[in-house]
Amino acid sequence: MTAAVFFGCSFIAFGPALALYVFTIATDPLRVIFLIAGAFFWLVSLLLSSLIWFMARLISDSRDGPKQTYLLIFGVLLSVLIQEVFRFAYYRLIKKASEGLKNINPDDKVPSMRLLAYVSGLGFGIMSGVFSFVNTLSDSLGPGTVGIHGDSPQFFLNSAFMTLVIVLLHVFWGIVFFDGCEKKKWYVILIIFLTHLLVSAQTFLSPHYGINLLSAYIILVLMGVWAFFVAGGSCRSLKLCLLCQDKDFLLYNQRSR
């Protein structure tokens, strides 16, 4: 894998996420702290799911092909479930922290749950994307076959675009997830879980990376529109944002709700 391909794929995978971090989070220390905390929660979920996966592999027969396939599907299901459980745990934590800050100093400006949902989602997404991309790069060193369904000339490029999808989807999932928790709309949580599972498991369903990428981008667009309106967006606010006339939309002056 040449250096040009590596840096190109890295820019595709993390360029937009880096831009979001620089323009909406980096200037506020409190947002940086919540971002790091969100990334830590995702890491803990990865550690727990990896531990369960490791124990399952030890007690199973590695020579049984069908059993290993079912075990792999179970691992994806378990990983997605644990990630969403930790997303809910993080929501509960920052909800309590926000209420505590209001009680200690009612006059102090507390970040809104919409803002915290965005920041935590970006933390989940960046950390998930980093591990996804690092795993892809480690596969490129060999030996063996790159990719589950075999080598492909576009494998690394597709992986970069898929990493970008995962990063942005976690941002949108975080916004919609937190809103569902705030309004106690539990069916929203179920939708988040099912779309997360679909994006994660579609690699096993089809060996065609292009089709998988297209379906993931369709889900990305739908979730992005949903998250936009959940966060208080409108056609008017989008127009003002595109004209750089609405700083509130860019998270500069988010108020608590």
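Position 1 is the first residue of the sequence, and the numbers go up from there.
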Asker: Would L35 and F40 satisfy side-chain contact (heavy atoms from CB on, under 4.5 Å), going step by step from the backbone distance to the final call?
Answerer: CA-CA 9 Å; L35 177 79; F40 173 77; over 6 Å; no

Asker: F34 and Y90: side-chain contact (heavy atoms from CB on, under 4.5 Å), yes or no, with the steps?
Answerer: CA-CA 10 Å; F34 280 113; Y90 186 57; 3.5 Å; yes

Asker: Using a 3.5 Å distance criterion without hydrogens, assess whether the side chain of R31 forms a donor-acceptor pair with backbone atoms of V119.
Answerer: no

Asker: Step by step, would you call L20 with Y118 a side-chain contact (heavy atoms from CB on, under 4.5 Å)?
Answerer: CA-CA 10 Å; L20 289 175; Y118 163 77; 3.5 Å; yes

Asker: Do any N or O atoms from the side chain of S79 and from the backbone of V76 form a donor-acceptor pair under 3.5 angstrom?
Answerer: no

Asker: Are K95 and L116 side-chain neighbours, meaning at least one heavy-atom pair lies under 4.5 Å?
Answerer: no

Asker: If I compare all heavy atoms of G125 with all of V167, which pair ends up nearest, and what's the gap?
Answerer: O-CG2, 3.3 Å

Asker: L164 versus P16: any side-chain heavy-atom pair under 4.5 Å?
Answerer: yes

Asker: Any side-chain heavy atom of F177 within less than 4.5 Å of one from V188?
Answerer: no

Asker: For the CZ atom of F41 and the CD1 atom of I94, what is their distance to the nearest 0.5 Å?
Answerer: 9.0 Å

Asker: Taking side-chain contact (heavy atoms from CB on, under 4.5 Å) as the definition, give me every residue that meets it alongside Y187, ordered by chain and number, with sequence neighbours left out.
Answerer: K185, I191

Asker: How many angstroms lie between atom CE of M127 and atom CD1 of I166, to the nearest 0.5 angstrom?
Answerer: 15.0 Å

Asker: Applying the 4.5 Å side-chain criterion to the ILVMFWY set and letting contacts propagate, would I33 and M113 be lumped into a single cluster?
Answerer: no

Asker: I189 versus C181: any side-chain heavy-atom pair under 4.5 Å?
Answerer: yes

Asker: Measuring from atom CD of E84 to atom CZ of F124, what distance do you get when rounded to the nearest 0.5 angstrom?
Answerer: 7.5 Å

Asker: Does a side-chain heavy-atom distance below 4.5 Å link V225 with F172?
Answerer: no

Asker: For residues L198 and V171: do they belong to one hydrophobic cluster (side chain heavy atoms under 4.5 Å, members Ile, Leu, Val, Met, Phe, Trp, Tyr)?
Answerer: yes

Asker: When clusters are formed by joining ILVMFWY residues with side-chain heavy atoms under 4.5 Å apart, either directly or through shared neighbours, do L47 and L81 land in the same one?
Answerer: no

Asker: How far apart are the closest heavy atoms of V165 and L220, and which atoms are they?
Answerer: O-CD1, 4.2 Å

Asker: CD1 of I126 to CD1 of I25: how many Å apart, nearest 0.5 Å?
Answerer: 6.5 Å

Asker: Find out whether L43 and F131 are in side-chain contact, i.e. whether some heavy atom of one side chain is under 4.5 Å from a heavy atom of the other.
Answerer: yes

Asker: Say you draw a straight line from OG of S200 to CG of L77; how long is it, rounded to the nearest 0.5 Å?
Answerer: 10.0 Å

Asker: Considering only heavy atoms from C-beta outward, does the side chain of L48 approach that of F86 to under 4.5 Å?
Answerer: yes

Asker: Please walk me through it: do I175 and W226 pass side-chain contact (heavy atoms from CB on, under 4.5 Å)?
Answerer: CA-CA 9 Å; I175 295 173; W226 189 3; over 6 Å; no

Asker: With rounding to the nearest 0.5 angstrom, report the CG to CD1 distance, L46 to I82.
Answerer: 9.5 Å

Asker: Using only heavy-atom distances, determine whether the side chains of Y91 and S120 contain a donor-acceptor pair under 3.5 Å.
Answerer: no

Asker: For a 4.5 angstrom cut-off between non-hydrogen side-chain atoms, does F178 reach R114?
Answerer: no

